[in-house]
J.: 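Here it is, the structure in full.
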Amino acid sequence: MRVFLGITGASGAVYAVRLLEEMRDLGAEAHVAITRWGNHVLEAEGFSLDEIKGLATEVYEADDIARGPASGTAGFSAFGVVPCSVSTLGKIASGIGDNLVTRAAQVALKERRPLVLLIRETPLSPVIIEAMLKVSLAGATVMPACPGFYHNPESITELVDFVVKRVLFALGFPVDIRELWEGE
């Protein structure tokens, strides 16, 4: 698979890093754009741009809207914004493509490709909920970063991996999410 991943300025950089690790292990091409505030959060949460570059197939400047992910002809299988700030959510919901992340999301919607937005915000205002509904109706999968606990996690890593596995599944990767919970 060839996947575009936008990393924005919401807390939860660990989700992006783990997602990139998992995509690498699955043999996917990961094309990444990190917003200015996404870079800031990466560093504040103990990650580096070099770490992302080591996991990605290609890293683009988020302000360079002339790159491949800005076009439907680039052939991406799926798109994700992980983590997705509510500012980015609002722009996507309003049809604003002012950087490579929001433009790639617009491409995903118009081309009817999987688009996963991992929202990392709480509490949710009516404005945020309305934006989530709007992108969902347009075809995106809105996933608040809410781990489950029914699999009896023993570490933060297991909580992160729970969410990442759900993102991979929503992007179309052949992962088995039944191991998370099959019922009683």
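Sequential numbering from 1 along the given sequence is applied to the chain's residues.
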J.: If you take all heavy atoms of Ile7 and Val82, which pair is closest and at what distance?
T.: CG1-O, 3.6 Å

J.: Judged by atom type as modelled, is there a donor-acceptor pair below 3.5 Å linking the side chain of Ser71 to the main-chain atoms of Gly68?
T.: no

J.: Ignoring hydrogens and angles, write down the donor-acceptor pairs under 3.5 Å from the side chains of residues 55-62, residues two or more places apart or on other chains.
T.:
from: Thr57; atom 1: OG1; to: Ala30; atom 2: N; distance (Å): 3.0
from: Glu58; atom 1: OE2; to: Arg67; atom 2: NH2; distance (Å): 2.7
from: Tyr60; atom 1: OH; to: His31; atom 2: ND1; distance (Å): 2.7

J.: Please say yes or no: joined through hydrophobic side-chain contacts below 4.5 Å, possibly via intermediate residues, are Phe169 and Tyr150 part of one cluster?
T.: yes

J.: Would a 4.5 Å heavy-atom cut-off, applied to side chains only, mark Val175 and Leu26 as touching?
T.: yes

J.: So, for Leu115 and Ala108, which heavy atoms are closest and what is the spacing to 0.1 Å?
T.: CB-CB, 3.9 Å

J.: Please round to the nearest 0.5 Å and tell me the distance separating atom CD1 of Ile129 and atom OG of Ser136.
T.: 13.0 Å

J.: Quick one: do Val135 and Met143 end up in the same hydrophobic cluster if we chain Ile, Leu, Val, Met, Phe, Trp and Tyr together by side-chain heavy atoms under 4.5 Å apart?
T.: no

J.: Tell me if the CZ atom of Phe47 is crowded by more than 12 foreign heavy atoms within 6.0 Å.
T.: yes

J.: How about CD on Glu45, more than 12 heavy atoms from neighbouring residues, nucleotides or ligands closer than 6.0 Å, or not?
T.: yes

J.: How about Met23 and Leu168: do any of their side-chain heavy atoms sit closer than 4.5 Å?
T.: yes

J.: Does CG belonging to Asp63 count more than 12 external heavy atoms closer than 6.0 Å?
T.: no

J.: Identify the heavy atoms of Asn39 and Ile34 that sit nearest to each other, and give their distance.
T.: N-CG2, 3.3 Å

J.: Indicate, with yes or no, if Val101 and Val17 share a hydrophobic cluster defined by side-chain heavy-atom contacts under 4.5 Å among Ile, Leu, Val, Met, Phe, Trp and Tyr.
T.: no

J.: Mind checking whether Leu137 and Ile96 sit in one hydrophobic cluster, side chains of I, L, V, M, F, W, Y counted as touching below 4.5 Å?
T.: no

J.: Side chains of Ser87 and Ser85: donor-acceptor distance under 3.5 Å anywhere?
T.: no

J.: Charged N to carboxylate O under 4.0 angstrom, Glu21 versus Arg18?
T.: yes

J.: So, does Arg24 use its side chain to make a donor-acceptor pair with the main chain of Gly54 at under 3.5 Å?
T.: no

J.: Roughly how far, to the nearest 0.5 Å, is the CG atom of Leu89 from the OG1 atom of Thr102?
T.: 12.0 Å

J.: Hey, does Pro144 have a side-chain heavy atom less than 4.5 Å from the side chain of Met132?
T.: yes

J.: Judged by atom type as modelled, is there a donor-acceptor pair below 3.5 Å linking the side chain of Thr8 to the main-chain atoms of Gly38?
T.: no

J.: Please work out whether the ring planes of His40 and Trp37 are parallel, tilted or perpendicular, with thresholds of 30° and 60°.
T.: perpendicular

J.: If you compare all heavy atoms of Gly72 against all heavy atoms of Arg113, which two are closest, and at what distance to 0.1 Å?
T.: O-NH2, 4.3 Å

J.: Give me the atom names and distance for the closest heavy-atom approach of Phe162 to Gly148.
T.: CE2-N, 3.0 Å

J.: Nearest 0.5 Å please: distance from the CD1 atom of Ile92 over to the NZ atom of Lys134.
T.: 12.5 Å

J.: Flag yes if Val32 and Ile65 sit in one hydrophobic cluster, no otherwise; membership is Ile, Leu, Val, Met, Phe, Trp, Tyr, and two members link when side-chain heavy atoms are under 4.5 Å apart.
T.: no

J.: Evaluate side-chain contact (heavy atoms from CB on, under 4.5 Å) for Val167 paired with Tyr15, printing each intermediate quantity in order.
T.: CA-CA 9 Å; Val167 171; Tyr15 292 115; over 6 Å; no

J.: Find the distance between SG (Cys84) and CD1 (Ile119) and round it off to the nearest 0.5 Å.
T.: 4.0 Å

J.: Once you round to the nearest 0.5 Å, how far does CG of Leu171 lie from CD of Glu22?
T.: 12.0 Å

J.: Would you indicate whether the side-chain heavy atoms of Val107 and Phe4 approach each other to under 4.5 Å?
T.: no

J.: Does Ile156 CD1 have over 12 foreign heavy atoms under 6.0 Å away?
T.: no

J.: Does Lys110 NZ have over 12 foreign heavy atoms under 6.0 Å away?
T.: yes

J.: Starting at CD1 of Ile128, measure out to CG of Leu133 and round the result to the nearest 0.5 Å.
T.: 14.0 Å

J.: Report yes if the side chains of Pro69 and Arg103 come closer than 4.5 Å at any heavy-atom pair, otherwise no.
T.: no

J.: Are Thr88 and Leu117 packed together at the side-chain level, in the sense that at least one heavy-atom pair is separated by less than 4.5 angstrom?
T.: no

J.: Can you give me the closest heavy-atom contact between Ala78 and Met1, atom names plus distance?
T.: CB-CE, 4.1 Å

